[in-house]
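Since the structure comes first, as C-alpha cells, the remarks are kept for the end.
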Amino acid sequence: MAPTGEFCGIDPGEMGRLADSLRGAADRLTSFSKEFEAKLGRHGIGTPALREIADIAEWGKTQVSMLHGRAELIQALDAGAGPASAGDGAQGFVRLPDELAGFEFAQGLARMYGNDILVNHSGELQAALIHEHADEIAQLAENPQAAAAFFALLPSKVRDALPAIIASTGSKTARQDLAAFSKALGAALRAPTLVPAFAKVRNDLVRPVEGKIVAWNRLALLRGANAPSGVRSAAARALVLDDFLKNPRQDWRAGSIESRTYGTPPDLVAMGLEVLAGDGAAVRDAFAKMGGSDLKLSQTEKMKRFLDHAKGAGGDDVADAFGRAMEAGTGATTEKAGQHSPEAAAFTLDLMKVAGSFGADLPKPAKDSMGVIAKSYIHELASGARFDKAAYRTSGMGLPENWITLPGVTPAFYLSPGDTHRFLKSFVGDKRLTDDFDATAARFRHDTLTAAAHLDAHTDDGYFELASSMFGDFAGLEFKATLDVRGELDATDELIRDITKSTLALGIDRIPIVGGIKEAGWELAKAYGASKLLDNWADSFETRVEEATGSRSDFVLRLKYDTAHLLHSAGYPASEPPAEIISRTTGGLQTYDELVSAAKKETSGSGTRWEQALGKKLIAYERWMDSNKKLDIKLENSSRIQASETAQEQIRVWE
C-alpha cells in the first residue's frame, strides 16, 4: 500500500456522525415506505417505487455498521499519534494510506489471533489453527502498511509471548509459522511509519524490558525479520547487549524449550548477536554504541568481552553468533577484497587485533568466521607480512613511512607483522580452513606476480622482486603460525603431503604459478619459507619427499624455471628462446613439468635415471637465461626471495 502524494484522510468523528445520520435516514425511509405502501394498498394501487425506496433504506442500514467499524479501526490505528497526524489545517483528520481493505484484512487477522487462537486454545488444536492461517500472515509482507496495522492491533502481551506460545503447542511447523510472523514484522519495520499506532510497537521493540523471557521472545521474533539496521542495533542493545557489557557475570539463559523448538540459542547474548548477524551496518553501529556513553570500553575491549563469555558460560552458541556477526561487520561477505569501505576496514582492524590476542585459543566455532574474514582481507594480511619496509610499524589505518605500494595490492589498513602472525594463528590450526585460505592466497599470489611481471616488462621498477619478497615473507609467516599452533611434526608432515600431492604429481603444463593449480605454488612458497626454521629441516626435507614419491625434490630449482616462464609469458625483454625449450603445444616456453615428463618418457625402461636426462634438457634453458643478464638476475633474485626464511627470523624481534 504505497503512500500517495496527495492528502488522504478520514475524520473518525465525522464518519461516526455520518453513520448515525444514515441510520436515521434509513429508518425514516423504511417507515415512509411502509406507511404509504399500506395506504396505497387499501386502494389497490401498486407500489413498486416504494419497494425500491425500502431496498435503499436496507442498503443504508448495512453501511452503518461498516462506517462505524471503519471509524473504530481508524481510531485504533491512530492511537497515540497526537496532533501531528492531522492533515494540513484539518483538525481531526487522520492521514493514512488511501486503501482501507488491507487494514480491514489485518484487523480480522489480529482479532482472530489476538482474541481467540493465541489465548483461547492450546495443544494440537491451537497448533493447527496457528498454521492454518500462517500463510495469510506471511502475505501481509506484500502490504507493509497492513502488516503494520496487524502488529499495532495485536495485543502487546500476545505479541511479546508469540514465539513461546507457538513453541508450547508442540507444533511440527513451529519454525515455519514463527518465520511467517517475522516476515510480516520485518516488512512493517522497513516501511515508512504511516500507521501511527505502529510507532509504539516499533518503539517497544527497541526498549529494555523486565524479564529475560520477554527479551528472548522479542529477539526470536526479530531474528528472522530482516529488520532495518537501526532497529536491529537498537533492539539487540536494549534487550541484552548493553546490559551484558555492563554486567556480564549473569545467567543469560532464557527460552530453553523454545530454543530447542526453533534451533536457536538459549543464551540471550547469542540471540542478540544473531539479530545483528547479516547486517554489517547494524553490527558496527551496535559495537560503537553498546553499553552507552557511561561505559568506558574501547571497541576491542567490547569484542574481547564477548569472546571471554564464549570461552566461559556462553559456549559455542555465543562463539558462533559472534563469528557470524563479525563476518557482517567486516564486510567479508558483502564487499570485495582490496576494495573494503573505511567503516568495515576500521572495524576489521580492531577485530584482527582482538582475535590475534586469543590466537589458537580462540573459541572453535568462531574460527570458521576468521577464515572467511582472512580470505576477504588477503590484501591486508599479505601486506602485513612484509619485512622489507617499516618492519617496526604498528597496526593502523595510515600508510607506514617509506612504504612502497605494489601493483594490485590495495590494503585498507596496515597490520604489523606481529598482529598478522597472531591473527593467522586464530584459524590455521584447522586444516580445512587453512586449505580454503591457501586457495585464496595462491590466486592472489598468481595475479599479483603476473601484474608485476607485466609492469616490469615495460618499465622495470623492480615490482616483481618486491612482490616476490612479500609472498615469501607471507608464506613463511603463515607456516610459522601453523607450526606454533599444530607443532613441528604435524605441520611439516602435512606440508610435505600437500606438496607431493600438489606439485610432484601435476600433469604437463600445470606448474604452480602459471598453471591450473595455483595452490601448489603457495605450498611451495610456504615450504621454503620454513626451510631454515626447523631443526634438521634442510637435511631431511628432500629425503622425506623422495621417500614419499620417488620424484625430484629440488623445489627451489623448480621455482626458478617457473619464475622464468611467468616473466617470459608477461613479455619481459629477452632474446628469442631456442627451439628445444619451446612447447609444441603452447608455442611458449616449456614448463618444468613438460621437461620432466619428456625426460621420464625418454628414459623409461632404459635403466637411466630420468633426473640425468632432465639435467641435459635444462642446459639449453640455463644457457638462454644466462645470455639474458637482466632477466637472469631478476628471476634468480625473485625465486630466492620467495624461498626466504626472513619472516620467521624477524618475527621473533617484532612480535
Side-chain angles (χ1 to χ4, degrees), residues 228-234 236-237 241 273 276-293 295-304 306-307 322-357 366 369-386 389-390 393-420 422-424 426-427 437 440-441 444 447-448 451 470 474:
S229 301
V231 174
R232 291 194 196 205
S233 173
R237 287 172 46 227
L241 300 184
L273 292 170
L276 296 176
D279 188 326
V283 172
R284 294 189 293 270
D285 182 72
F287 272 82
K289 299 175 180 176
M290 204 180 295
S293 58
L295 188 69
K296 305 304 181 184
L297 289 179
S298 67
Q299 186 162 258
T300 55
E301 289 171 324
K302 294 174 184 178
M303 293 175 177
K304 186 177 184 300
F306 283 96
L307 288 172
F322 175 81
R324 288 185 288 107
M326 294 303 99
E327 286 184 42
T330 60
T333 58
T334 56
E335 298 181 356
K336 291 185 178 181
Q339 301 178 31
H340 284 291
S341 64
E343 298 81 11
F347 186 86
T348 306
L349 177 58
D350 280 349
L351 171 66
M352 285 188 169
K353 290 189 287 188
V354 171
S357 70
S369 295
M370 297 309 111
V372 172
I373 293 166
K375 291 191 299 179
S376 184
Y377 283 83
I378 187 70
H379 292 246
E380 288 74 13
L381 290 172
S383 297
R386 288 178 65 176
K389 295 292 180 184
R393 65 188 177 273
T394 57
S395 297
M397 301 297 291
L399 188 74
E401 61 180 342
N402 301 316
W403 194 259
I404 297 178
T405 301
L406 299 179
V409 184
T410 55
F413 55 82
Y414 298 87
L415 289 170
S416 69
D419 282 335
T420 303
R422 285 185 285 270
F423 178 73
L424 289 170
S426 70
F427 69 91
F437 173 73
T440 297
F444 182 55
D447 294 344
T448 303
M470 178 182 72
F474 188 23

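No side-chain heavy atom of H340 sits less than 4.5 Å from a side-chain heavy atom of F347. The side-chain heavy atoms of L415 and F423, taken from C-beta on, include no pair separated by under 4.5 Å. Looking at I373 and F427, their side chains never come closer than 4.5 Å, going by heavy atoms from C-beta outward. Within the 4.5 Å cutoff, the side chain of M352 has no heavy atoms near those of the D419 side chain.
Looking at residues two or more places apart in sequence or on another chain, you find no side chain to side chain donor-acceptor pair (under 3.5 Å) involving T330. Taking the side chain to side chain contact (heavy atoms under 4.5 Å, CB included) definition, one finds that A337 meets it with I378, H379, sequence neighbours left out. Taking K304 as the reference, D308 meet the salt bridge (charged side-chain N to carboxylate O under 4.0 Å, His left out) condition, with sequence neighbours excluded. With sequence neighbours left out, K353 forms a side chain to side chain donor-acceptor pair (under 3.5 Å) with no residue at all. A search for side chain to side chain contact (heavy atoms under 4.5 Å, CB included) contacts involving T300 returns S298, D350, V354, not counting sequence neighbours. Residues passing the side chain to side chain donor-acceptor pair (under 3.5 Å) test with S383: none are found, sequence neighbours excluded.
K375 and T440 get closest at one heavy-atom pair: CD-OG1, 3.2 Å. In plain terms, the two heavy atoms of G278 and A328 that are nearest each other are N-CB, 3.5 Å. When all heavy atoms of T420 and L381 are compared, the pair lying nearest together is CG2-O, 3.6 Å. When all heavy atoms of R393 and K389 are compared, the pair lying nearest together is NH1-O, 3.0 Å. Contact detail for G331 and S376: the closest heavy-atom pair is O-OG, 4.2 Å.
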Show every donor-acceptor pair shorter than 3.5 Å between a side-chain atom in residues 398-414 and any protein atom, with sequence neighbours excluded, or say none if there are none.
unit_1 : atom_1 : unit_2 : atom_2 : d
E401   : OE2    : Y392   : OH     : 2.6
T410   : OG1    : G338   : O      : 2.7

Show which side-chain atoms of residues 283-292 pair as donor or acceptor with protein atoms under 3.5 Å away, not counting sequence neighbours.
unit_1 : atom_1 : unit_2 : atom_2 : d
R284   : NH1    : G329   : O      : 2.8
D285   : OD1    : K289   : NZ     : 2.9
D285   : OD2    : S233   : OG     : 2.6

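In this structure, the side chain of R232 does not engage the main chain of A281 through any donor-acceptor pair within 3.5 Å. Judged purely by atom type and a 3.5 angstrom limit, S395 uses its side chain to pair as donor or acceptor with the backbone of S416.
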### Message
I'd like to know whether M326 forms a side-chain contact (heavy atoms from CB on, under 4.5 Å) with S369, so could you lay out the CA-CA distance, the side-chain angles of the two residues, the decisive distance to 0.1 Å, and finally the verdict.
### Response
CA-CA 7 Å; M326 294 303 99; S369 295; 5.6 Å; no
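Within the structure, salt bridge (charged side-chain N to carboxylate O under 4.0 Å, His left out) pairs that include any residue of residues 322-342 comprise E274-R324, D320-R324 (at least two apart or interchain).
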